[in-house]
Amino acid sequence: MRTLLLTFVLILVSAFSRQTSTRQTDEQVLLRYFHSISSGEIADWMTEICSPKYNGRLAGTPEYLAAAEWAAGKLKERGVKPAGDNGSYFQRFHHPYTVVNDIGALRLHIPQKDGSEIIKSYNAPDSYYPGMNSGNGEVTAEVVWVGYGMTAPELNYDDYKGLDVKGKIVMMNRDVPFKDVRNPEYAKWVKYCYHQYKAENAAAHGAAGMLYIDGNSANPNISYVENMIVTGIGPEPLADILAGSGKDNKVLLQQMDKTFRPASFATGRIMTMKANTIRHPEGMTCNIAGMIEGTDPQLKDEVIIIGGHFDAVGNAGGLSVAGGLDNASGVIDIMAAAKALASSGIKMKRTVLFLLIGGEEVGLLGSKFYTEHPLFAKEKTVTYINLDMVGNGTGLAVSASESCSALTEYFKSANDRYIHRPMKVSTSGGVFYGRPRSDGLVFHADGFRTMDISTTDGVKPVYYHLPGDDETAVTPEIMEDVAKLITCHL
Ligand SMILES: [Zn+2]
C-alpha cells in the first residue's frame, strides 16, 4: 500500500515539475476519478438495492441472487473484472433459508378467578419478532425460564438440570455467564454463545417453542428446527411472564454471572406461539467478487481486499428490512470506489479485490467461505478492509489489527489531504476469544491482516435489524466521503 500511495505522491510531485500541459493532465486524472463519486448516484444506488423487489436480500433467496446480479452488472459496466469462480463475478455456495409468510402470533393466557381466561395478544415488531428460521406450526404450553439455555457438562453447568421441558416453551437469554472475552478461559464458553447452539440445545431437550429474550428484531442467524417455534421477544412479554413471580430476569443473570449456578424455573405461565414458515433447503447464495488488476510486475500478485456484506435480514411476513445502513451503505461505498478507480484508468501497482459478501447475517458464512476458498493467496493479501454500517454520521474511524496498524497512516493522510472529516484512528490489539460478530473478525481469526472503516457521530436514528433500516437511514454525503477515502488511500 505504501507503494500505491507513493504512486499518487509521485503523480503530484511530478505534476509540479513538468510542463503546464502535462501537469493539467495528471491533475485532471486525479481529480476526475475523485470527483466522479457523487452522493446523488450513491443515493440512487441505495434506492435500487433497498428496493422491495430484493425483499431484504436474505442469503439463500432468489431475491438475494437478483440483487447480486444487479451489483455484478454495475461492476462490469465500468470495467471491473470478474474475480469469482469460472470467470464469473460470483463465488456461489449452498445456503438453505426460511420464508416467513406472516408475522404469526404470540399470546399470553391469563387465568381469572372464575376459571375463565383472558388472552393478551402481542404486536410485532414492538413486542416480538417472528423467528426468521422458525419451524412452522403452533404451540400452547407452559413457559420455562432456562437462563442462558446451555448445557455444558465439562464446565459443570446445565441450565436444564432437573427440568422437564418436553413439549414446553423455553425462554432464554443471549450470551453465557462468563463474560470476559479477553480471558483465554472464555474459549471454553464461546460455543455456547451461538444462537444456533441455543436453538439446537432447546430442541435436544424436547422443547416445542423457544422465546429469545431481547430479540424483537430480525435474526436469521439461528438454527432451523423443523418442529420448534422460535420467537424473539422484547421487554413487554418478558415482564408479563415474570409478573408476580418475584423474579427479575436481570437480577437472576447477575447472580448467575457471579456464582456460575443456574437458576432455572417453570414460570407457570401459558403462552401460544404461532409461526407460518416454509423451509427452502435448496437455497443458494454467493459472494460477489470484482477486481482491478495491478500493473507492477513485482507487486501485481499482491492484493488488497475491500469487503462488506451484501446480505440483509430479509422479510418476515411484511416486516421487511432492506438493510440500508446495515449494510447497503458499505456495499454501495465499495461499488462507488470500484467504479471511480476502474473508470479513471489510473494504474495501480497491486491488485484490488472488491468483495461483496453473502451470508454475514446468517452466521458470517460468506467470509468463512472466502477464507476457506480464497481467490488470492493469503500470504499475498496485504490487508482485508471491512466496511459494515458506514453511512450514518459526520466523522470517520479507521482501525487496524496490530499486524498492519501502520497502514492507518495512509487513510489518515488521504483524509487530511482530500476529505477533511474528523477521523479516529485506532489499533485493535490483543486476542479476542468471543463469538465473532463481523466479517473482519473472521478474516482476522484466519490470519489475515485486517482493517475496519466506520462512520462516527451518527445523525440519524439506527434501526438495527428493523424495518426502519432502509435507504433513508443513511446520509449519502458521508457515504460519498467514505467512498472517496477508500478510493484515494490506494
Ligand atoms: Zn452488518
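Atom set for the values below is all heavy atoms of this structure, side chains included, hydrogens, waters and symmetry mates excluded. Residue numbers run from 1 in the order of the sequence given. Order of listing sets the numbers, starting from 1, for every ligand and every atom in it.
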Practice task
For this output row, return yes or no: ring centroids of Phe93 and Phe369 closer than 6.0 angstrom.
Solution key: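 Yes, ring centres under 6.0 Å apart.
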
Handout entry: Ring centroid separation Tyr384 to Phe443 under 6.0 Å
Key =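 Yes - the distance between ring centres of Tyr384 and Phe443 falls below the 6.0 Å cut-off.
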
Problem - Pair Glu360 + Arg437, salt bridge at N-O below 4.0 Å - result: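 Salt bridge between Glu360 and Arg437, a charged N being under 4.0 Å from a carboxylate O: no.
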
Please collect all salt bridge (Lys or Arg N to Asp or Glu O under 4.0 Å) contacts where either partner lies in [range], sequence neighbours excluded, each pair once.
| range | answer |
| --- | --- |
| residues 312-340 | Glu41-Lys339 |
| residues 58-74 | Lys74-Glu77 |
| residues 462-483 | Arg421-Asp481, Glu480-Lys484 |

Problem - Distance filter under 2.8 Å, centred on the Zn ion (ligand 1) - protein N, O or S atoms that pass it - result: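 Sorted hits: His309 NE2, Asp326 OD1, Asp388 OD1, Asp388 OD2.
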
